[in-house]
Amino acid sequence: MCGRYALSSPVESLEAQFEAEARALLTPRYNIAPTTPVPVVRNGGPGRVIVLQHWGLIPSWSKDPAMGARMANARGETVVEKPSFRGPFRRNRCIIPADGFYEWRAGTPKQPFCIRLAGGGLLGFAGLWDHWEGPDGAVDSCTIITTSANGAMAPIHDRMPVILAPEDYARWLDPATPAEALRELLRPCPDAWLQLAPVSTRVGNVRNDDPDLMEPIDG
DNA sequence: CCAGACGTTGTT
DNA sequence: GTCTGG
DNA sequence: CCAGACGTTGTT
DNA sequence: GTCTGG
């Protein structure tokens with residue numbers, strides 16, 4: 001799955017790769033957790049924008065915004081039908097940028113890994129967002145879509161985030177793309193894209209937030 | 001008809 | 001909001 | 001995802 | 001064990 005990731009690339013790199021205009025101040029983060037604001041690329045006006053949205057999708061019809069707490073991920077296999085996700089899947093698709101993400105291999109102790117592009121560069125997760133309004137204001141929130149693990153990820157975990165190819169960004173964000181074509185995109189990326197490395201268990205604690213969290217350790 | 005759910009992950 | 005269960 | 005809490009009363 | 005917070 002994807003419950004923790006990092007994003008520290010300069011805003012200029014994000015704007016270039018995703019052809020979007022940043023409308024929020026972005027700070028380097030090496031330990032991004034659900035329930036925090038995360039940068040999201042989505043359609044806005046004539047072009048694409050980068051905005052901060054709460055990680056954990058709160059359905060627009062939800063009475064309790066706490067519902068978002070368990071919506072950090074959405075299964076790609078079922079987004080088309082789940083009540084919480086099918087509306088956003090039709091209308092509110094987004095891309096969530098990352099420099100890498102973390103997965104924990106089961107065992108004692110659990111061993112965290114950092115997964116990055118083998119050739120370096122930014123990843124774009126397939127995501128969904130929604131707009132929620134409550135008595136005390138409005139919240140735009142988002143979720144990261146998951147799929148089965150590819151060969152590279154399988155030794156660590158049976159799920160992984162959907163990582164879009166840059167040539168698929170436009171298709172994913174285009175409101176006119178048919179659902180069948182969208183579902184074609186929700187597949188595990190090729191093994192060769194990814195590079196995995198074990199990292200310090202310090203990443204488990206969300207209070208730790210420094211570049212060393214992404215650094216490979218021995219073993 | 002109304003009431004209640006609406007989700008994923010990992011682990012057992 | 002929309003579906004499922006009763 | 002993991003880490004950490006898991007409670008109430010009265011008083012300031 | 002299970003929920004909340006980050």
Side-chain angles (χ1 to χ4, degrees), chain A residues 1-8 27-40 52-92 96 98-116 123 125-134 138-149 153-163 179 186 188 194 196-210 212-214 217:
Chain A
M1 78 152 305
C2 184
R4 212 72 74 78
Y5 69 97
L7 179 62
S8 62
T27 57
R29 295 164 68 193
Y30 304 92
N31 201 354
I32 300 174
T35 76
T36 66
V38 299
V40 161
L52 291 173
Q53 299 195 180
H54 175 92
W55 184 12
L57 189 142
I58 305 165
S60 59
W61 42 261
S62 179
K63 292 190 181 86
D64 182 2
M67 187 169 178
R70 292 175 196 166
M71 308 274 186
N73 294 121
R75 290 177 67 89
E77 297 91 330
T78 54
V79 280
V80 71
E81 64 200 28
K82 295 292 184 184
S84 296
F85 300 133
R86 68 184 162 206
F89 179 64
R90 273 183 286 146
R91 296 181 300 276
N92 297 332
I96 297 172
D99 289 312
F101 61 99
Y102 303 103
E103 295 281 4
W104 280 259
R105 184 178 61 195
T108 39
K110 277 178 290 192
Q111 176 60 54
F113 285 73
C114 182
I115 299 95
R116 313 177 73 162
L123 312 168
F125 299 137
L128 306 174
W129 65 276
D130 209 346
H131 178 82
W132 179 87
E133 290 188 26
V139 181
D140 280 349
S141 59
C142 63
T143 189
I144 294 172
I145 300 177
T146 62
T147 185
S148 51
M153 289 295 302
I156 305 305
H157 220 63
D158 60 347
R159 303 289 297 172
M160 65 182 286
V162 172
I163 299 166
L186 302 183
L194 302 181
L196 288 75
V199 295
S200 166
T201 54
R202 287 195 313 116
V203 73
N205 192 324
V206 295
R207 289 174 301 194
N208 295 321
D209 183 6
D210 57 80
D212 286 349
L213 297 180
M214 301 181 77
I217 59 170

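Here is the naming used below: chain letters follow the sequence lines, and residue numbers restart at 1 for every chain.
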A.B. asks: Give me the distance, rounded to whole Å, that separates E:dT2 from B:dT9 when you measure between the C1' atoms they each carry.
C.D. replies: 14 Å
A.B. asks: What's the separation between atom CD1 in A:I217 and atom CD in A:Q111, rounded to the nearest 0.5 Å?
C.D. replies: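 Separation between the atoms: 4.5 Å.
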A.B. asks: Of the options D:dC1, C:dC3, D:dA3, whose atoms approach the side-chain atoms of A:R86 most closely?
C.D. replies: C:dC3
A.B. asks: Rounded to the Å, how far apart are A:L213 CG and D:dC1 C1'?
C.D. replies: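 Answer to the nearest Å: 14 Å.
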A.B. asks: Please give the distance between the P atoms of B:dA5 and E:dT4 as a whole number of Å.
C.D. replies: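 That atom pair is separated by 15 Å.
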A.B. asks: What does A:N31 touch in the nucleic acid at a heavy-atom separation under 4.0 angstrom: a base, only the sugar-phosphate, or nothing?
C.D. replies: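 No contact at all - A:N31 keeps every heavy atom at 4.0 Å or more from the nucleic acid.
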A.B. asks: Just checking A:T143: base, sugar-phosphate only, or nothing, at a heavy-atom cut-off of under 4.0 Å?
C.D. replies: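 No contact.
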A.B. asks: Rounding to the closest angstrom, what is the interatomic distance between B:dC6 and E:dG6 at atom P?
C.D. replies: 26 Å
A.B. asks: Counting side-chain heavy atoms from CB outward, which of D:dG4, B:dT9, E:dG6 is closest to A:V206?
C.D. replies: E:dG6
A.B. asks: Measure the distance from CG on A:D158 to C1' on D:dC1 and round it to the nearest whole Å.
C.D. replies: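 Computing the A:D158:CG to D:dC1:C1' distance gives 14 Å.
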A.B. asks: From D:dC1, C:dG1, B:dT8, pick the nucleotide closest to the side chain of A:P83?
C.D. replies: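 Looking only at side-chain atoms, A:P83 lies closest to C:dG1.
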A.B. asks: Using whole Å, report how far NE2 of A:H54 lies from C1' of E:dG6.
C.D. replies: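 From A:H54 NE2 to E:dG6 C1': 10 Å.
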A.B. asks: For E:dT4, give its Watson-Crick or G-U wobble partner with both distances under 3.5 Å, or none.
C.D. replies: D:dA3
A.B. asks: What nucleic acid atoms does A:T35 come within less than 4.0 Å of, heavy atoms only: base, sugar-phosphate, or nothing?
C.D. replies: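 It contacts base atoms.
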A.B. asks: Which nucleotide wins on minimum distance to the side chain of A:R159, given the candidates D:dG4, B:dT8, B:dT9?
C.D. replies: B:dT9
A.B. asks: What is the base-pairing partner of D:dT8, counting Watson-Crick and G-U wobble geometry with both distances under 3.5 Å?
C.D. replies: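 For D:dT8, the partner nucleotide comes out as none, under the 3.5 Å rule.
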A.B. asks: From the set D:dC2, B:dT8, E:dG6, return the single nucleotide nearest to any side-chain atom of A:K110.
C.D. replies: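 Nearest listed nucleotide: D:dC2.
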A.B. asks: When A:Y5 is tested against each of A:I32, A:I115, A:D99, A:L123 for side-chain contact (heavy atoms from CB on, under 4.5 Å), which residue passes?
C.D. replies: A:I32
A.B. asks: Please classify the nucleic acid contact of A:T146 as base, sugar-phosphate, or nothing, using heavy-atom distances under 4.0 Å.
C.D. replies: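 Sugar-phosphate: the residue A:T146, judged by heavy atoms under 4.0 Å, touches backbone atoms but no base.
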A.B. asks: Has the side chain of A:R202 got a donor or acceptor atom that lies under 3.5 Å from a matching backbone atom of A:N208?
C.D. replies: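 Pair absent, no side-chain N/O of A:R202 close to backbone of A:N208.
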A.B. asks: Using a 4.0 Å heavy-atom cut-off across all strands, classify A:A106 as base, sugar-phosphate, or nothing.
C.D. replies: sugar-phosphate
A.B. asks: I'd like to know whether A:L213 forms a side chain to side chain contact (heavy atoms under 4.5 Å, CB included) with A:Y102, so could you lay out the CA-CA distance, the side-chain angles of the two residues, the decisive distance to 0.1 Å, and finally the verdict.
C.D. replies: CA-CA 10 Å; A:L213 297 180; A:Y102 303 103; 3.7 Å; yes
A.B. asks: Among the candidates B:dT9, E:dG6, D:dG4, find the nucleotide nearest to the side-chain atoms of A:T36.
C.D. replies: E:dG6
A.B. asks: Taking any heavy-atom pair under 4.0 Å as a contact, classify A:F85: base, sugar-phosphate, or nothing.
C.D. replies: sugar-phosphate
A.B. asks: Could you check whether any side-chain heavy atom of A:L186 comes within less than 4.5 Å of a side-chain heavy atom of A:F89, counting everything from C-beta outward?
C.D. replies: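 In short, these two side chains touch, coming nearer than 4.5 Å.
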A.B. asks: When you measure from the side chain of A:T143 to the backbone of A:A72, do you find a donor-acceptor pair of N or O atoms at a distance under 3.5 Å?
C.D. replies: yes
A.B. asks: Quickly work out the A:Y102 OH to B:dT9 P distance and round it to whole Å.
C.D. replies: 20 Å
A.B. asks: To the nearest Å, how far apart are A:N205 CG and D:dC2 P?
C.D. replies: 12 Å
A.B. asks: Side chain of A:R75 only, heavy atoms from C-beta on: which candidate in B:dC6, B:dT8, D:dA3 is closest?
C.D. replies: B:dT8
A.B. asks: Determine the Euclidean distance between corresponding C1' atoms of B:dT8 and D:dC2; express it in Å to zero decimal places.
C.D. replies: 15 Å
A.B. asks: Which nucleotide in the list E:dG6, B:dC6, B:dT8 gets nearest to the side chain of A:W61?
C.D. replies: B:dC6
